[in-house]
There are 2 protein chains.
Amino acid sequence: MAFRSEILIKLDKKGRVLLPAAFRDELPADDRGAFVLYHSPNLSGVVNGNSRAGFDAMLDRLRAEALGPKGALKVALDDEAFDPAGYLSASARTIAMEPDGRFSLPAEFASVLEVSDGVMLVGKGDKFQLWNPGRWQARRDTDRDKMAAFVRGLGGDA
Amino acid sequence: MAFRSEILIKLDKKGRVLLPAAFRDELPADDRGAFVLYHSPNLSGVVNGNSRAGFDAMLDRLRAEALGPKGALKVALDDEAFDPAGYLSASARTIAMEPDGRFSLPAEFASVLEVSDGVMLVGKGDKFQLWNPGRWQARRDTDRDKMAAFVRGLGGDA
DNA sequence: CGGGATGTCATGGGATAGCATGGGAATTTC
DNA sequence: GAAATTCCCATGCTATCCCATGACATCCCG
C-alpha cells in the first residue's frame, strides 16, 4: 500500500472529483468504497487523504506517542487537555465514493484548497494529498532544489 | 466506528437538534434509535455524546482500570466510596431520536452549552462533543497552535 | 506484425434519493 | 386546558445512482 505519482483531476460543475485508479488500487481490498480526507495539521491549503485503516493506524501511533500506553483512559475522559488525535478526527471526514471512484468534494476542503476546476492528487507513500495545482507546482519546484541539496549532502563520499 | 468532522446544526425554536447522518452512521447497527449524552467531567460548557454501547464500554474500562477487579466489587457494595463511573452515569441521559434523526435537547444540556440557535457537533473519534459554536471556534484556534507545536516537537528534525 | 475488438479510465449529465430544516397536527404532561 | 413533546408531512438542496462518451491501452487472432 503505497500512494505514488501526481495526477491532475477535473473538478466538475457538480463538485465531484475522481480518485484515480492508481490510488483506488492502494486502498485495502476489504474497504474500497470509502476513504478519509483531513486538513493538514500544519500546512494550510493542503488536504491529506488516506484509507480508513491508514488514518486510524496513524491516530493510534499518535496517541501512543503523545500519551504512552496508559494515557488511553485519561484521554477518553479529559476534555480539557489537548488531544492531537481528537483534533485530527475533528478535521477529518469519511468520504464515500460512487462505484466508479468519484466523490463530491466537501465545501470545507474545496475552500481551503481554493480549487475551482482542477485538483492535483499527489502520492506521498503512506498517504496522499490534494493540492491547488498552481500551489503544487510552486511547492514542487522548491522541493526539487531541496532534494538535490539533500542528496548532495548525504555522506558516503567521506 | 469513529466519529469524525465538525458540523454546525440548527437548534430550532422547538428545541430540536439533528444528529447528522455522518454520526448516525457510526452508531451500532442494532441500536440506531438512541444514544447517550453526558456532561464533560472536567470541561464545563461541553457535552459529550456516544452510542449506548460506547458509553458503557467506557464505564467498564473506567471501573477496571481505575479501581481494579476488586475495586469493582467494592464499589458495587460500598456507597460511601467515590465511584467515578457512577458519577458519570448520573450526569448522563439516554436520548431517543425520531426516525429522521432529530431529538429534543434536554434543557440541562442546552443551558450549560448556552446555545440558542445552533450547536456545533464535533467528532473526537471514540466519542463526539456538543459545543457552543463560538466557544468551539476559540478552542479550535488554540488547538491548531498546539497541534503545530506538537508536530514541530516530534523528534526526527535532526 | 497489424488492425479490429475489448476493456478500463476519466469525464459529462439527467434522474432520483437522502439530508437538514420548517411547520402543522396530534398526543402527552401536569 | 395550556404548554410542551412527539408524529408526520413538506421543501430546497446536495449527493448519489445510473447511463453515456471519447481517449487510450491491451488483447487476440489471423
Side-chain angles (χ1 to χ4, degrees), chain A residues 3-27 29 31-37 47 49 52 92-113 115-123 128-131 133 136, chain B residues 3-27 29 32-35 37 49 93-111 113 115-123 128-131 133 136:
Chain A
F3 301 102
R4 304 183 212 287
S5 85
E6 48 189 84
I7 306 174
L8 180 62
I9 292 289
K10 274 277 178 68
L11 175 70
D12 71 21
K13 61 188 70 163
K14 287 181 172 180
R16 292 179 299 185
V17 175
L18 176 83
L19 188 71
F23 288 3
R24 266 179 284 155
D25 292 343
E26 300 303 326
L27 296 175
D31 190 20
R32 281 272 163 85
F35 61 97
V36 174
L37 289 181
V47 174
R52 284 199 273 212
R93 286 196 53 175
T94 301
I95 308 287
M97 282 181 282
E98 303 175 36
D100 62 359
R102 279 192 294 191
F103 61 95
S104 50
L105 185 66
E108 61 203 272
F109 295 125
S111 67
V112 304
L113 290 171
V115 289
S116 53
D117 67 323
V119 183
M120 186 63 79
L121 284 279
V122 181
F128 60 90
Q129 293 181 325
L130 313 199
W131 282 80
W136 168 245
Chain B
F3 300 101
R4 310 185 211 281
S5 87
E6 50 193 79
I7 306 176
L8 179 63
I9 292 289
K10 275 277 177 67
L11 175 69
D12 69 21
K13 60 188 71 165
K14 290 181 177 177
R16 293 179 298 184
V17 176
L18 176 83
L19 189 71
F23 288 2
R24 291 199 305 268
D25 292 344
E26 301 302 328
L27 297 176
R32 283 272 164 85
F35 61 97
L37 289 182
R93 286 195 54 180
T94 299
I95 308 288
M97 284 180 281
E98 302 174 35
D100 61 359
R102 280 193 291 193
F103 60 96
S104 48
L105 186 66
E108 60 201 274
F109 296 126
S111 67
L113 289 171
V115 290
S116 54
D117 68 323
V119 183
M120 187 63 80
L121 285 277
V122 181
F128 60 89
Q129 294 180 326
L130 313 199
W131 281 79
W136 168 247

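Below, read A as the first sequence line, B as the second, and so on, with proteins coming before strands; counting in each chain starts at 1.
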message = Any heavy-atom pair between the side chains of A:L130 and A:L105 that's under 4.5 Å?
response =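 Yes; the side chains approach each other to less than 4.5 Å.
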query = Do the non-hydrogen side-chain atoms of B:R24 and B:L18 ever get within less than 4.5 Å of each other?
reply =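 They are in contact (side-chain heavy atoms under 4.5 Å apart), so the answer is yes.
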key: By salt bridge (Lys or Arg N to Asp or Glu O under 4.0 Å) - contacts of B:E6 (at least two apart)   =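 By the salt bridge (Lys or Arg N to Asp or Glu O under 4.0 Å) rule, B:E6 matches B:R140.
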[X] [atom1] - [N] [atom2] separation (whole Å):
{"X": "A:I95", "N": "D:dT14", "atom1": "CD1", "atom2": "P", "answer": "16 Å"}
{"X": "B:L18", "N": "C:dG18", "atom1": "CG", "atom2": "C1'", "answer": "12 Å"}
{"X": "B:D25", "N": "C:dG18", "atom1": "CG", "atom2": "C1'", "answer": "11 Å"}

message = Looking at D:dA15, I'd like to know if its phosphate oxygens (OP1 or OP2) sit under 4.0 Å from a side-chain N or O belonging to A:R93.
response =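 Checking D:dA15 against A:R93, no side-chain N or O comes under 4.0 Å of OP1 or OP2.
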request  = Describe, in one word, how the ring planes of B:F3 and B:F23 are oriented to each other, choosing from parallel (under 30°), tilted (30 to 60°) and perpendicular (over 60°).
outcome  =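 Ring orientation of B:F3 relative to B:F23: perpendicular.
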key: B:F128 and B:F35 aromatic ring geometry - parallel, tilted or perpendicular at 30°/60° bounds   =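 Tilted, since the angle between the ring planes falls between 30° and 60°.
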ask   = Where along residues 98-106 of chain A does a heavy atom fall under 4.0 Å from DNA chain D?
value =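 Those residues are A:E98, A:P99, A:R102, A:S104.
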inquiry  = Tell me whether A:R4 at atom CZ has more than 12 heavy atoms from other residues, nucleotides or ligands lying less than 6.0 Å away.
reply    =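 Open.
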ask   = Between the side chain of A:R32 and the main-chain N/O of A:L27, is any donor-acceptor distance below 3.5 Å?
value =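 Yes, the answer is positive, given that a donor and an acceptor are paired below the 3.5 Å cut-off.
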query = Residues from residues 3-16 of chain A sitting under 4.0 Å of DNA chain C, heavy atoms only?
reply =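 DNA chain C contact set from residues 3-16 of chain A: A:I9, A:K10, A:D12, A:K13, A:K14, A:R16.
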Side-chain ion pair, A:D12 and A:K10, N-O less than 4.0 Å =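 No, A:D12 and A:K10 are not salt-bridged.
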